[in-house]
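Fair warning: this is a prediction, and the values are worked out from it, not measured in the lab. Values below: every heavy atom of this structure, side chains too, minus hydrogens, waters and symmetry copies.
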Amino acid sequence: MPAISHIKDVIIAGGGVMGMSTAYNLTKYIDPSRICILEPDPTYVRSASALSWASIRQQFSLLENIRLSQSSVQFIKDIDKHLGIAEEDPVDINFKEGCYLFLAGAKTAHLLEENITVQKAAGVNVKRYTQEELKAKYPYINCEDISLAADCAEDEGWFDPWLLLSAYKNKIKDMGVEVRKASLKAFSPGNAVEVVEGDKSHTLHYSKFVNATGIHAQHTNALLNKILPADNRFCLPVTPLLRQTYNIACKEAPNNVPLTCCPLKTTIRSEGPNYIVLGPHFSYDLVENSQELTDFGHVDDERFVDEIWENLAYRYPVFEATKILGGWVGYYEYNTLDQNALIGKHPLIDDHFNINGFSGHGIQQSPAAGRCLAEMICEVEPHIDIANLGLQRVLDNKPYTERNII
C-alpha cells in the first residue's frame, strides 16, 4: 500500500527540457512549491533532449513552428536574464549562430518555394538561391540535381543541450519547484497517481497533470487509459524513432559547413574541427515499446556505409575520403500522425495536458512550447496562437503536417 500522500497543484511527468520549461513558466502564475516534476533518470543519460543536435531554426513550413522558434531563440539569446541565479556565474549554453541550408530538386522545388513565402511573411530573413547562385556561394556542393535552395544565417544555430537542461533544473529548484527522482506507476480516478521512489511507493494528488515524458509519452498515456472506459480511450500517436549520429573527420572539407538538408535525406553540419552527420530513417527505426529500449550509445558503422556515405560523397565530393570517429544513438519522440507537436488539453479527460510529439524539433522550441502550455493550464492569453497543434486533431484524424522535418 502507498505510504505517503501529497497534494500538488500541478504534477509534470518528465523532467526533460519540455517538463522543465513548463515548470519554469508555471512559476509565473503558481506557487513554485505547489509544482512537482517526476523524473526517473536525473542523469539524463537516455534523455532525448541531451542526445539531440540542439539546433534551432526558423525555416519551417507552418507559421506556428516558425513563431515557436522565433520566441525560443530570443529566450536562448537572453538565457541568463531568464535562468540566471543571483550570486552565481552567468548562464551560458554555448549558443553559436549558424546557418541552415535546405536543398530541393525539381520535384520538390515548389514546396520549398511555398515554405520561403510563409517564412518571409513571418519575418524570417531567409534567402532564396537558384542553382547558379547556390554554386557561387557553396562551391563545394554538387548542385547538378538541385533546382532551388534556401538558407538563413540569422536567429539560427546550435547550442549545448546538457547546459540548457542543467540551467532549467538549477533555476526551478532555486525557485522552489520540487523535482523528484521517481517513476510513474499508475493513475487513479480523482486526480491521483502512484509513483515509485527507490523501494517506496507514494500517492500524489494533483489539480492538473502534464504528460511531458518524451519518447515514453505513449506509455504514460496507456497508464492513463486504464482508468477510462474501454470504448473511450485515447491513442497517442507518439513513438520513439531511432536516430544515429556519426561524428566524422575529413581533411579536405571546408570549415563551417552549414546544417544542410538535401533530397537524399543526408544531413550534415560542422561540429568543432569535425562534422556530424545523420542519415535517412525508415519504418524499421520506429520502436513499438519505449519500455524495451536498450540501445543507447552504439552506432552501426555498416549503416553509415550502406545508407549515408555514398549520398554524402555525392552531395559533397570532398567527403569521399571520410573517417568515422564515433557517434551516438538518440531517439525522436515521433508523431506518426503528422510529425508535429501535440500541445494542449487531453481531449477526453479534464485537468490533463500533453506536450509531446515534436519529431526532432523539440529542444529548440522548448522555451516557447513550455510557456504556451503554462498559459493554457493557467488560462492566460497565449503569447502564440497554437490552437492547430492541439490533440483534438488526433481524435478527428486530421493531420496538420510539418513538411520540414529532418
Should the pair Glu114-Arg403 be classified as a salt bridge under the 4.0 Å nitrogen-to-oxygen rule? yes

Please check if the side chain of Glu97 supplies one atom and the backbone of Asp155 the other of a donor-acceptor pair under 3.5 Å. yes

Just say parallel, tilted or perpendicular for the rings of Tyr100 and Phe102, cut-offs at 30° and 60°. parallel

Would Lys185 and Glu194 count as a salt bridge (charged side-chain N to carboxylate O under 4.0 Å, His left out) here? Give the steps. CA-CA 5 Å; Lys185 183 178 180 180; Glu194 185 177 349; 3.8 Å; yes

N/O donor-acceptor pair under 3.5 Å between Trp328 side chain and Gln244 backbone: no

Backbone N or O of Gly357 within a donor-acceptor pair of the Ser359 side chain at under 3.5 Å? yes

By ring-ring contact (aromatic ring centres under 6.0 Å, His included), which residues pair with Tyr334, not counting sequence neighbours? His281

Taking Asp350 first and then Lys345, would you say they form a salt bridge - that is, a charged N and a carboxylate O separated by under 4.0 Å? no

Asn340 and Asp338 side chains, donor-acceptor separation under 3.5 Å: no

Between Glu178 and Arg34, does at least one N-O distance fall below 4.0 Å, as a salt bridge requires? no

Going from CG on Asp80 to CD1 on Ile85, what distance comes out if it is rounded to the nearest 0.5 angstrom? 9.5 Å

Output yes when Glu133 and Lys137 qualify as a salt bridge under the 4.0 Å nitrogen-oxygen rule, no when they do not. no

Show your reasoning for whether salt bridge (charged side-chain N to carboxylate O under 4.0 Å, His left out) applies to Arg128 and Glu113. CA-CA 8 Å; Arg128 178 187 184 279; Glu113 195 78 77; 3.0 Å; yes

Is there a donor-acceptor contact under 3.5 Å from the side chain of Glu333 to the main chain of Ile215? no

Can you tell me how far apart CG (Leu68) and CD1 (Ile384) are? Round to the nearest 0.5 Å. 4.5 Å

Stepwise side chain to side chain contact (heavy atoms under 4.5 Å, CB included) check, Ile11 with Val210: CA-CA 6 Å; Ile11 288 179; Val210 176; over 6 Å; no

State whether the side chain of Ser69 and the backbone N or O of Ile66 hold a donor-acceptor pair below 3.5 Å, judged by distance alone. no

Pairwise distance CG(Leu223) to CD(Gln218) - rounded to 0.5 angstrom: 11.5 Å

Could you check whether any side-chain N or O of Arg233 sits under 3.5 Å from a backbone N or O of Asn225, counting only pairs where one atom can act as donor and the other as acceptor? yes

More than 12 heavy atoms of other residues, nucleotides or ligands under 6.0 Å from NZ of Lys135: is that the case? yes

Passes side chain to side chain contact (heavy atoms under 4.5 Å, CB included), Leu391 versus Leu236? Steps please. CA-CA 9 Å; Leu391 281 73; Leu236 187 68; 4.3 Å; yes

Mind checking ring-ring contact (aromatic ring centres under 6.0 Å, His included) for Tyr44 and listing every partner two or more places apart, or none if nothing turns up? Trp162

Could you give me the CA-CA distance, side-chain angles and deciding distance for Phe209 and Phe187, then say whether ring-ring contact (aromatic ring centres under 6.0 Å, His included) is met? CA-CA 11 Å; Phe209 180 88; Phe187 287 87; 4.9 Å; yes

Using a distance-only test with no angle check, is there a side-chain donor-acceptor pair under 3.5 angstrom linking Asn221 and Asn211? no

Roughly how far, to the nearest 0.5 Å, is the CG atom of Asp174 from the CD atom of Glu88? 6.5 Å

I'd like to know if Glu271 pairs up with Lys96 as an ion pair, taking the criterion as any Lys NZ or Arg NE/NH1/NH2 lying under 4.0 Å from an Asp or Glu carboxylate oxygen. no

Using atom types as modelled and distance alone, determine if a side-chain donor or acceptor of His82 lies under 3.5 Å from a backbone N or O of Ile79. no

Hey, does Arg315 have a side-chain heavy atom less than 4.5 Å from the side chain of Pro263? yes

Between Phe75 and Tyr168, how do the two ring planes meet: parallel, tilted or perpendicular, split at 30° and 60°? parallel

Would you please say whether a donor-acceptor pair under 3.5 Å links the side chains of Thr220 and Thr213? yes

Side-chain donor-acceptor contact under 3.5 Å, Lys173 with Asn170: no

Student check: side-chain heavy atoms of Ile93 and Pro161 closer than 4.5 Å: no

Over 12 foreign heavy atoms within 6.0 Å of CD, Glu310: no

Let me confirm one number: the OH-OG distance from Tyr332 to Ser52, rounded to the nearest 0.5 Å. 9.0 Å

Give a yes or no on whether the backbone of Lys81 and the side-chain of Asp78 come within a donor-acceptor separation of less than 3.5 Å. no

Less than 4.5 Å apart, any side-chain heavy atom of Arg393 and any of Leu389? yes

Quick one, Tyr246 with Tyr275, criterion ring-ring contact (aromatic ring centres under 6.0 Å, His included). Give me CA distance, side-chain angles, the key distance, then yes/no. CA-CA 8 Å; Tyr246 297 87; Tyr275 309 86; over 10 Å; no

Per the side-chain contact (heavy atoms from CB on, under 4.5 Å) rule, which among Val329, Leu278, Val299 passes with Thr245? Leu278

Gly370 and Thr22 have their tightest heavy-atom pair at CA-OG1, 3.7 Å

Does a sphere of radius 6.0 Å around CH2 in Trp53 hold more than 12 heavy atoms from other residues, nucleotides or ligands, not counting ones at 6.0 Å or beyond? yes

Under a plain distance cut-off of 3.5 Å, with no hydrogens placed, do Glu402 and Ser61 share a side-chain donor-acceptor pair? yes

Asp396 side chain to Lys398 main-chain N or O, any donor-acceptor pair under 3.5 Å? no

Ile12 side chain near Leu38 side chain, heavy-atom distance below 4.5 Å: no

Around atom NZ of Lys226, are there more than 12 heavy atoms of other residues, nucleotides or ligands at under 6.0 Å? no

If you measure only the distance, is there a donor-acceptor pair under 3.5 Å linking the side chains of Glu156 and Gln59? yes

Between Asp351 and Lys208 (salt bridge meaning N to carboxylate O under 4.0 Å), is one present in this structure? yes

Evaluate the ring-ring contact (aromatic ring centres under 6.0 Å, His included) criterion for residues Phe353 and His346: first the C-alpha distance (whole Å), next the side-chain angles of each, then the deciding distance (0.1 Å), finally the verdict. CA-CA 5 Å; Phe353 297 81; His346 190 287; 9.7 Å; no

Could you tell me the separation between the CG atom of Asn274 and the CG atom of Asn247, rounded to the nearest 0.5 Å? 5.5 Å

State, with a plain yes or no, whether a side-chain heavy atom of Met376 is found less than 4.5 Å away from one of Ile386. yes

So, Asp151 and Arg57, do they make that salt bridge, N to O below 4.0 Å? no

Using the six-membered ring wherever Trp is involved, compare the ring planes of Tyr316 and Tyr140 and label them parallel, tilted or perpendicular (cut-offs 30° and 60°). parallel

How about Glu197: does its CD atom have over 12 heavy atoms from other parts shown lying under 6.0 Å from it? yes

Taking atom NZ as the centre, does Lys181 end up with more than 12 heavy-atom neighbours from other residues, nucleotides or ligands that are less than 6.0 angstrom away? no

Between the side chains of Tyr400 and Glu64, does any donor sit under 3.5 Å from an acceptor? yes

Does any N or O in the side chain of Lys171 come within less than 3.5 Å of the main-chain N or O of Gly84, such that one atom is a donor and the other an acceptor? yes

